[in-house]
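Working notes, beginning with the structure itself.
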Amino acid sequence: MAPPKKTKAMGLDYEQQRQENIKRNRERIASILHQKSQLASLLSPPKANKNPINKRTKKPNPPLTTLRRSLRSRGLPPPDSTSTSTRTSPSFPRVPTGQFSFTDAFVDSGSYRPLVETTCWAGERTELRNIKKEVDLSLDARVELRLKKENVRKVVGERIMVVSFLPVLSRSIVISGNKQGYLGIWDADRNREDGEGVSDGLFKFFPHRSPVSGISVHPSSVRKVKSFDERAGKIIYEWELHEQRVNTIDFHPENSNLIATSSSDNFVRIWDLRCIDKDKPKSIREVSHNRAVHSAYFSPTGNSIVSTSLDDTVRIQSGPQFEYSSIIVHNNQTGRWLSKFRAIWGWNDSYMFIGNMQRAVDVISIEDNITTPLRSEYMTNIPCVFATHPYKEGHLACAGGGKLYLWTKM
DNA sequence: GTAGCTCTTAGTCGT
DNA sequence: ACGACTCCAGAGCTAC
C-alpha cells in the first residue's frame, strides 16, 4: 500500500485523502484475510472416511469434527454445567454465551482498560508512522538473544497452542491461546514498568471452550483480533490439494497468488492460485518428506520455504522455482503431550527458530546449516510455538506449557 | 481398506 | 518429592 505523500502543510485535503487511503487499504486487507481464512477452512478438513485420524467412530465418545471449533462458533449451546469433565475445577470461569463483548470474556479481577489504552496509543502511533520493518542484517540471533528473568510469565493454565505479537511498534505485547480456550495477553513492557496492581501486564480472557488454533490481528487496527469481510459471504474456491490433512497454508509475502501447503500425506506443495485446475490440481512444485509435514513457511523475502516434518528433518527449498533443496537433521519427536515443532523464519532469510527437546530454542543458520541451541536457566519448558515481533527485531516469543518466554536482543 | 491397539512424551495438580 | 492424570495426537502396525 502506498504511503501518503509527505507535505509540510497538513491541511484538511491531505487529512481526508489520508483517511480515504487508510479506509481503502483496510478494505483490501480485509478482503485478502477473508480469502485466506476461507482457504484455511476449505483445505484443512479432508473427507472423514479418508482420514486415518477419524477412524475410530465406534467409541461412545461424542462425535468429533475434524476441525475443532468452539461450540459458540458452531452455533451450539454451551455444555451443561453438570456434565463438565473431572478436571474442571469448581472455579472454572463461566463462558459467556450468544453474542458477548470482550468484557464478558475477561476473567481476571480488575479491568483490562490499561491494555486498551496501551494498544490505542501505541497502535495509532504505529499506524501513523506507516512502518517498514527495520531489519538489522547484522543481528546474530545465535549469540545476541537473551532471556531475562522478568521476561518469563505464566499466563494460562494448560498448554499454549499458539502465540502471536500484536503488531505494535513500540511495545512487546504477546497474545497466547491455550488448549482450554483461554487467551492470555501479556504486555511485557508494562510488566517491567510497574509490575503492580491487578493487571501486572497480564490480561486473561476466556472466549472459547476449545483449543485456540489460530490468532490473527487486523494489521491496521490492533484492537481487533480478527477480520471478516461480510461483503463476500460465499465460498469462492474449493480444491482438494492433498490426500490427507493439510497442516499449514502460507501465502507468499510479496505475491499473494502463491501459497505453500504442508500435509500429513508427506508432501509440501507450492501452488499458483491463478492456475489451479479444479478437477486435477497441479502444483508448481512438490517436495517429498518421509513422514507427515507439519509446516511450510515462506521466508521474509519469499525466496525460500522451510518445512518441518516428523521424519526428523527441516528442509529448505530455494531458487527461482524453489528447485534447490537443503536438508537439516533435527529431532522433531515431541510425543503426545507437546505441540508439533514448526520451524519459523527469523527477521531475514538467513536463519530460523525451532523448538528443542532439551528445553532450548534452536537457531538454524541457512548459510552453514549449523544448529545452535539458545539456552537459559529461566527456560523451564520445552518451547513448542514461536512468534517473531513484526517490527522489533530480536524480540522472539515462545511458549511451552502455560508459560510465555520473551527473548530479546542484548 | 479399515478398525483398533500400541507407543511416544511433558506439564500440571493434588497429596 | 512423587505419582496420577491428560485421553480432542498421531503414526505405525496387525488382524480381519
Side-chain angles (χ1 to χ4, degrees), chain A residues 44-74 76 78-79 83-92 95 152-163 176-182 184 204 208-214 242-248 262-267 288-295 308-313 330-342 354-362 375 378-386 398-405:
Chain A
S44 291
K47 284 180 179 142
N49 60 352
K50 285 188 178 179
N51 187 351
I53 299 154
N54 295 304
K55 283 173 184 172
R56 295 176 212 183
T57 51
K58 284 190 177 177
K59 288 210 167 184
N61 295 333
L64 301 170
T65 53
T66 50
L67 193 64
R68 306 195 57 226
R69 294 189 299 152
S70 69
L71 291 171
R72 185 172 55 76
S73 68
R74 281 181 274 159
L76 296 173
S83 65
T84 49
S85 64
T86 52
R87 65 199 162 104
T88 306
S89 69
S91 60
F92 211 71
V95 182
V152 178
R153 191 65 194 264
K154 171 87 178 211
V155 288
V156 285
E158 283 196 35
R159 81 177 202 232
I160 294 170
M161 312 286 287
V162 57
V163 289
S176 57
N178 86 341
K179 194 174 155 64
Q180 292 171 311
Y182 279 89
K204 206 154 51 168
H208 298 286
R209 189 53 127 179
S210 302
V212 180
S213 57
H242 287 273
E243 297 263 315
Q244 291 183 40
R245 196 176 72 166
V246 176
N247 292 312
T248 58
S262 66
S263 165
S264 295
D265 68 2
N266 300 10
F267 286 108
S288 171
H289 279 268
N290 293 326
R291 286 181 63 185
V293 193
H294 277 277
S295 68
T308 311
S309 167
L310 287 180
D311 67 3
D312 279 345
T313 65
H330 189 271
N331 175 19
N332 299 328
Q333 304 305 311
T334 53
R336 179 176 186 180
W337 308 116
L338 295 185
S339 303
K340 296 289 173 286
F341 286 163
R342 293 175 171 183
I354 188 170
N356 175 315
M357 290 299 280
Q358 268 68 53
R359 293 182 174 80
V361 177
D362 275 344
R375 298 183 196 281
Y378 306 118
M379 195 93 190
T380 55
N381 297 78
I382 293 170
C384 294
V385 288
F386 292 83
C398 60
K403 269 185 178 172
L404 275 181
Y405 301 84

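Chain naming here is simple, since letters A, B, ... match the order of the sequence lines and numbering starts at 1 in each.
A distance-only check finds a donor-acceptor pair linking the side chain of A/Arg359 to the backbone of A/Thr380 [under 3.5 Å]. With hydrogens and angles disregarded, a donor-acceptor distance shorter than 3.5 Å links the side chain of A/Asp312 to the backbone of A/Asn332.
Separating the NZ atom of A/Lys340 from the P atom of B/dT8 is a distance of 14 Å, rounded to the nearest angstrom. As rounded to whole Å, 12 Å separates atom P of B/dT2 from atom CD of A/Gln244. In this structure, A/His294 atom NE2 and C/dG10 atom C1' are separated by 7 Å, rounded to whole Å. A/Asp312 places its CG atom 15 Å from the P atom of B/dT8, with the value rounded to the nearest Å. Rounded to whole Å, the distance from CG on A/Asn290 to C1' on C/dG12 is 14 Å. The distance between atom CZ of A/Arg291 and atom C1' of C/dA9, rounded to the nearest whole Å, is 12 Å.
Counting heavy atoms from C-beta on, the side chains of A/Phe341 and A/Met357 come closer than 4.5 Å. Between A/Tyr405 and A/Pro383, every side-chain heavy-atom pair lies at or beyond the 4.5 Å cut-off.
Within a 6.0 Å radius of CG in A/Asn290, other residues, nucleotides and ligands contribute 12 heavy atoms or fewer.
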Shorter than 3.5 Å, N or O on both sides, protein versus nucleotides 9-12 of chain B: list them out with atom names.
from	atom 1	to	atom 2	distance (Å)
B/dT9	O2	A/Trp337	NE1	2.4
B/dA10	N1	A/Trp337	NE1	3.3
B/dG11	OP1	A/Asn381	ND2	3.4
B/dG11	OP1	A/Ile382	N	2.7
B/dG11	OP2	A/Arg359	NH2	2.7
B/dT12	OP1	A/Lys154	NZ	3.2
B/dT12	OP1	A/Gly402	N	3.2

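Between the NZ atom in A/Lys154 and the CG atom in A/Leu404 there is a gap of 11.0 Å [rounded to 0.5 Å].
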